[in-house]
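One structure is given here, and the rest of the page talks about it.
FYI, the numbering just counts along the sequence from 1.
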Amino acid sequence: MARIDLRGDALPEGAALRDLLPRADFDVASALEKVRPICEAVHHRGDAALIDYAEKFDGVRLDQVRVPAAALARALEELDPAVRAAMEESIRRARLVHREQRRTPHTTQVVSGGTVTEKWVPVERVGLYAPGGRSVYPSSVIMNVVPAQEAGVGSVALASPAQAEFGGLPHPTILAACALLGVDEVYAAGGATAVAMFAYGTESCAPANMVTGPGNIWVAAAKRYFTGKIGIDAEAGPTEIAVLADETADPAHIASDLISQAEHDPLAAAVLVTDSVGLADAVEKELQPQIAATKHIEDRIRPALAGRQSAIVLVDGIDEGLRVVNAYGAEHLEIQTVDAAAVAERVVNAGAIFVGPWAPVSLGDYCAGSNHVLPTGGCACHSSGLSVQSFLRGIHIVDYTQDALAEVAHHVVTLAEAEDLPAHGAAVKARFGWKVPENK
């Protein structure tokens with residue numbers, strides 16, 4: 001792994017510090033032009049376009065896009081019992097956490113006779129995406145479906161790429177996860193075509209109000225293409241882990257955690273921020289035997305760790321390390337230092353924070369109860385991960401009596417005239433015989 005030495009000199013502020021830190025190239029703007037004709041083909045040709053693109057991109061000719069109910073039931077019936085037990089526990093823990101996020105209506109009495117109530121209403125229909133490229137991700141099914149269900153979304157559909165190996169169906173573990181969660185509307189559609197299917201609707205799939213779920217650059221580009229037409233969670237980029245560690249951290253733990261993210265994708269980012277050269281050396285020493293003992297070495301792990309997006313960043317102390325990780329805004333941030341909980345309290349930019357040696361990112365991926373659909377590419381500086389809130393809309397209900405409006409009418413008229421919008425003021429005057437009530 002490359003090293004970036006930020007010791008000695010004062011760290012720059014803001015964007016200047018971010019520019020010193022490693023990050024993957026992820027050009028969504030360029031991909032946007034390539035997904036545009038795909039999205040419009042789905043718009044104009046519907047299911048026929050989905051079937052043609054499945055043949056082109058996934059190597060299989062579909063008879064239909066929607067997955068039959070029998071295939072969902074069969075996938076669950078044939079699921080390895082150990083995998084089923086693990087998914088059921090993941091679902092149970094995710095429900096515990098996400099159920100507590102549900103918001104309730106709140107009414108504020110602004111004045112006597114005047115109230116504003118904020119009520120929370122779920123999105124009516126969502127389309128969820130589960131990737132199917134280099135790996136199979138039933139965990140992503142869980143992380144998308146559970147918060148949508150706990151938010152009270154009435155109509156939930158899911159798409160995952162067709163797999164030639166399984167006769168054009170999505171991976172059976174994906175289907176089994178859907179069956180466990182009670183999601184019976186599932187489509188064999190991948191990438192930009194899946195997003196377009198949910199955005200426009202087709203003969204077999206009704207349009208959705210919102211699309212969520214991780215994916216590759218084509219999914220991100222399609223989400224950008226439809227921003228404004230549908231709601232999205234985020235334009236997810238390559239996954240990333242940052243570890244803030246001092247000399248007390250176990251180098252074997254850190255090496256294994258860096259590798260665990262690197263095995264996702266050759267663009268995955270693995271960043272260690274430390275004030276200990278000894279730890280940095282020990283981690284690098286640990287990486288080699290651990291890499292040799294695992295899978296996906298040459299196609300994912302080595303290119304990810306050697307890429308420009310990964311590095312060991314040396315700093316003068318934990319205070320400086322905190323400035324670095326806050327500037328970086330990692331998707332996943334591990335704190336492996338003395339008094340890790342106190343250090344974690346000082347983090348302001350991260351998708352999720354994992355405290356101490358016994359909370360690895362892998363726990364959060366599957367069974368912590370937290371959500372693993374998180375902001376990437378530094379977006380944790382302004383965005384949150386997927387949650388129940390992602391599927392809720394706050395609506396204000398304004399309820400004023402005649403006397404309550406009369407009390408503030410002169411202010412409304414004054415502000416309307418200050419903005420040169422006299423009809424706004426007239427809408428109030430009309431209720432009082434075109435004379436503004438005197439302020440009492």
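A cation-pi geometry, defined here as NZ or CZ lying under 6.0 Å from the six-membered ring centre and within 45° of its normal, holds between Arg23 and Tyr328.
Remark: the Glu165 side chain and the Gln163 side chain contain no N/O donor-acceptor pair separated by less than 3.5 Å.
Considering only residues two or more places apart in sequence or on other chains, Glu88 meets the side chain to side chain contact (heavy atoms under 4.5 Å, CB included) condition with Arg84, Leu180. With sequence neighbours excluded, the residues that form a side chain to side chain contact (heavy atoms under 4.5 Å, CB included) with Pro12 are Ala16, Leu17, Leu20. Taking Gln261 as the reference, Thr239 meet the side-chain hydrogen bond (donor to acceptor under 3.5 Å, both in side chains) condition, with sequence neighbours excluded. The side-chain hydrogen bond (donor to acceptor under 3.5 Å, both in side chains) check on Glu284 picks up Arg3, with sequence neighbours excluded. Contacts of Asp52 classified as side chain to side chain contact (heavy atoms under 4.5 Å, CB included), with partners at least two apart in sequence or in another chain: Arg45, Arg61. A search for side chain to side chain contact (heavy atoms under 4.5 Å, CB included) contacts involving Ala148 returns Val126, Val153, Val156, Phe391, not counting sequence neighbours.
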query = Stepwise, does the salt bridge (Lys or Arg N to Asp or Glu O under 4.0 Å) test hold for Arg323 with Glu320?
reply = CA-CA 5 Å; Arg323 287 185 58 195; Glu320 290 77 12; over 6 Å; no

ask   = Please walk me through it: do Arg92 and Glu89 pass salt bridge (Lys or Arg N to Asp or Glu O under 4.0 Å)?
value = CA-CA 5 Å; Arg92 186 187 73 81; Glu89 182 63 12; 2.8 Å; yes

inquiry  = Run Asp233 and Ser390 through side chain to side chain donor-acceptor pair (under 3.5 Å) and show every step you take.
reply    = CA-CA 7 Å; Asp233 52 345; Ser390 304; over 6 Å; no

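Ion pairing of Arg102 with Glu150 is absent here, as no side-chain N (NZ or NE/NH1/NH2) approaches a carboxylate O to less than 4.0 Å. Checked for salt-bridge contact, Arg66 and Asp47 miss the test: no charged N lies under 4.0 Å from a carboxylate O. Ion pairing between a basic and an acidic side chain is recognised when a charged N comes within 4.0 Å of a carboxylate O; Asp275 and Arg7 show no such pairing. Of the charged side-chain nitrogens involved, none lies within less than 4.0 Å of a carboxylate oxygen, so that Glu263 and Arg300 do not count as a salt-bridged pair. Salt-bridge annotation for Glu33 and Arg36: present, with a side-chain N of the basic residue lying under 4.0 Å from a carboxylate O of the acidic one.
A donor-acceptor contact shorter than 3.5 Å links the side chain of Ser256 to the backbone of Ala252. No donor-acceptor distance shorter than 3.5 angstrom exists from the side chain of Ser155 to the backbone of Arg125, with no hydrogens or angles considered. Judged by distance alone, the side chain of His332 and the main-chain N or O of Glu240 form a donor-acceptor pair under 3.5 Å.
Using a 30° and 60° split on the angle between ring planes, Phe226 and Tyr200 fall in the perpendicular class, above 60°.
The minimum heavy-atom distance linking Tyr129 with Val219 is given by the pair CE2-CG2, 3.7 Å.
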